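Note sheet for the following structure.
Values below: every heavy atom of this structure, side chains too, minus hydrogens, waters and symmetry copies. What you see is a predicted model, and the numbers here were worked out from it, not measured in a lab. Each ligand, and each atom within it, is numbered from 1 in the order the structure gives.
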Amino acid sequence: MEIALEGDVPTYSGGLGILAGDTIRSAADLQLPMVGVTLTYNAGYFYQMIAPDGRQVERDIRWDFSVDFGKVEAKVKLELQDKSLTVGAWQYTVVGRSGHVIPVYLLDTDLPENEPWQRNLTRVLYDASPFQRIVQEMILGICGVRMLRKLGYNDITTFHMNEGHAAFMVFELLDQFKSIDEVKRHCVFTTHTPVRAGHDQFDYGLVQDVFRDRLPQNAKELAGQDMCNMTILALNGSRYCNAVAMKHGEISRRMFPDYTIDHITNGIHMSYWLSPYMHALFDSELGAAWHHDYHSLEGALQLSGMEVWRAHQKSKLDLLDYEKSHSWVLLDEKLLTIGFARRVTEYKRPLLIFSDLERFAKIVAGKAQFIFAGKSHPADNQAKSFIKNINDFSDYLWNSYKVRVVFLGNYDMDLARLLVSGVDVWLNNPRRYREASGTSGMKAALNGVLNFSVLDGWWIEGAVRDPLAGWAIGPGPEDPDAEKKDDSVDVEDLYTKLQDEIIPIYRKNPDDWRNRMKHAIYLASFFNTHRMVEEYAAKAYRLEKQPLWKSLI
Ligand SMILES: *Cc1c(COP(=O)(O)O)cnc(C)c1O
């Protein structure tokens, strides 16, 4: 449903789209024969403003597809209810480091031959209405396959469903191949959420209404008896299925015990997310091979601590320049700066650090400052109230304690790039085991920023690979009751570590801090999409046994 191609091309909402974009960027660098399919949205996801009273305000984005994409002449049809809908496409080209090209096709219904309501079907990403949603998923899964055929892609060996959103392709391929075993031979599936509500399900009344007599006879066998469950449909239509981190694999197998589900831990595209200053440092100290050979970063501990620090300070100044021109809360570059930016939603517990405002203020006053950012889904009123709360806490903490907390508007890839390289510590405190992987912490680590995070998603693996790359908050997965513990257990550990370890080391022991920064960078030798794409190539696509980067050096 989303691929983040560029920061200011609004075809994405968050982590899922950014992972898709990084996957394609790495696949292009590693010269994989791949093509991407997604939708493009007239109003984007939304542009976020923060009103003077601290609430989120949403605006439609005004943009012209033809500025970013080339028009594709081919069109395909979708029978929808008792009408026919025409679906067109745009093309964006991702070019890898050595010139290898991966085209991305973006489907669009805003065509003059469609009725006005049909032209609006691709208006906005993650519309809350089930009708809009199911139709968008039909466009993605069914028209995606039809468009590829129309464009002459007749020898596709593997269709990779990135999340259940694309699973209607199983029905489409079944229509072509006539046998579910043949469909399975051609499909693989990646599930991206351990949260039950995150798995799309449609009422069969709605499914029947949109498909009419075109629904396969065995639809319920494939997609579930009670509800049309897109995850079940994708699982039943795939020869290989995977989750996106080790713990997420465990949870997915528990949720879907009848299926074999592997895991391939997510990554990030290193050169996309690395600050220009670190980039120059890596080039000069590690050599150009790191762009292909992620193992080069295992040498991160040999980098000069002073040079890593200098590069980071430049990134920090860039971030604070941006921050000061977008907020009335003026941050101070001498203070330890802690970032918290992600989709604003209940399970990420954005208010956890404010649990005891007086205690918090006493720990950080004159020593640390905070930058928050993130969008709430427009229909999620609880999440929207969190943004207002953070802004109210910011006023209170400044007025009472001169503590600086800023909330920056419109979190997107460009702001993320500044944040993950410019803060000193990256904070993440989700409710346990709701984070499939998380990738923003990987971006931070790559840039020498220390993670301070609940042991969930990728950080369970990261903290084991290198305990000096950051700090854990609260109990780990070895504690069988960790999930059931009250929030206060995490709050206590968060405040204690901030007060007794993080702030004192930052202020009094710069050598220790710089050493830890190198350990953070070391983690990127594993948590990157080059390694991840290689795992997909070997385990899911069955393409190569040899490391892909080896042939490029
Ligand atoms: C990386 C990124 C995300 C995903 O980060 P999480 O760790 O999953 O929260 C979301 N939004 C933006 C803009 C990002 O750059």
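Considering backbone and side-chain N/O of Y12, none are found under 3.5 Å from N/O of ligand 1. Where the criterion is an N or O separation shorter than 3.5 Å, residue side chain and backbone included, W273 fails it with respect to ligand 1. Ligand 1 has an N or O atom lying under 3.5 Å from an N or O atom of T439, backbone or side chain.
Side-chain atoms of N428 and E435 include a donor-acceptor pair closer than 3.5 Å. There is no side-chain donor-acceptor pair under 3.5 Å between N42 and W63.
In terms of modelled atom types and a separation under 3.5 Å, the side chain of S275 and the main chain of M278 share a donor-acceptor contact. The backbone N or O of A469 lies less than 3.5 Å from no partner atom in the side chain of N451, so there is not a single donor-acceptor pair. Panel note: side chain H100, backbone L32; a donor-acceptor pair is recorded below 3.5 Å.
Regarding atom 10 (C) of ligand 1, its nearest protein heavy-atom neighbour is G15 N, 3.5 Å. Atom 11 (N) of ligand 1 has Y411 CE2, 3.5 Å as its closest protein atom, hydrogens excluded (heavy atom only). Here the heavy atom of the protein found nearest to atom 12 (C) of ligand 1 is I18 CD1, 3.2 Å. For atom 1 (C) of ligand 1, the closest heavy atom belonging to the protein is K443 NZ, 1.4 Å.
In summary, R133 and E137 engage in a salt bridge, as defined by a charged side-chain N under 4.0 Å from a carboxylate O.
Of the candidates G14, S440, S453, G21, S440 brings a heavy atom nearest to atom 5 (O) of ligand 1.
Listed by number with element, the atoms of ligand 1 under 4.0 Å from a non-hydrogen atom of D412 are 13 (C). Using a 4.0 Å cut-off to heavy atoms of G438, the atoms of ligand 1 that qualify are 7 (O), 8 (O).
Heavy atoms from other residues, nucleotides or ligands lying under 6.0 Å from OH of Y45 number more than 12.
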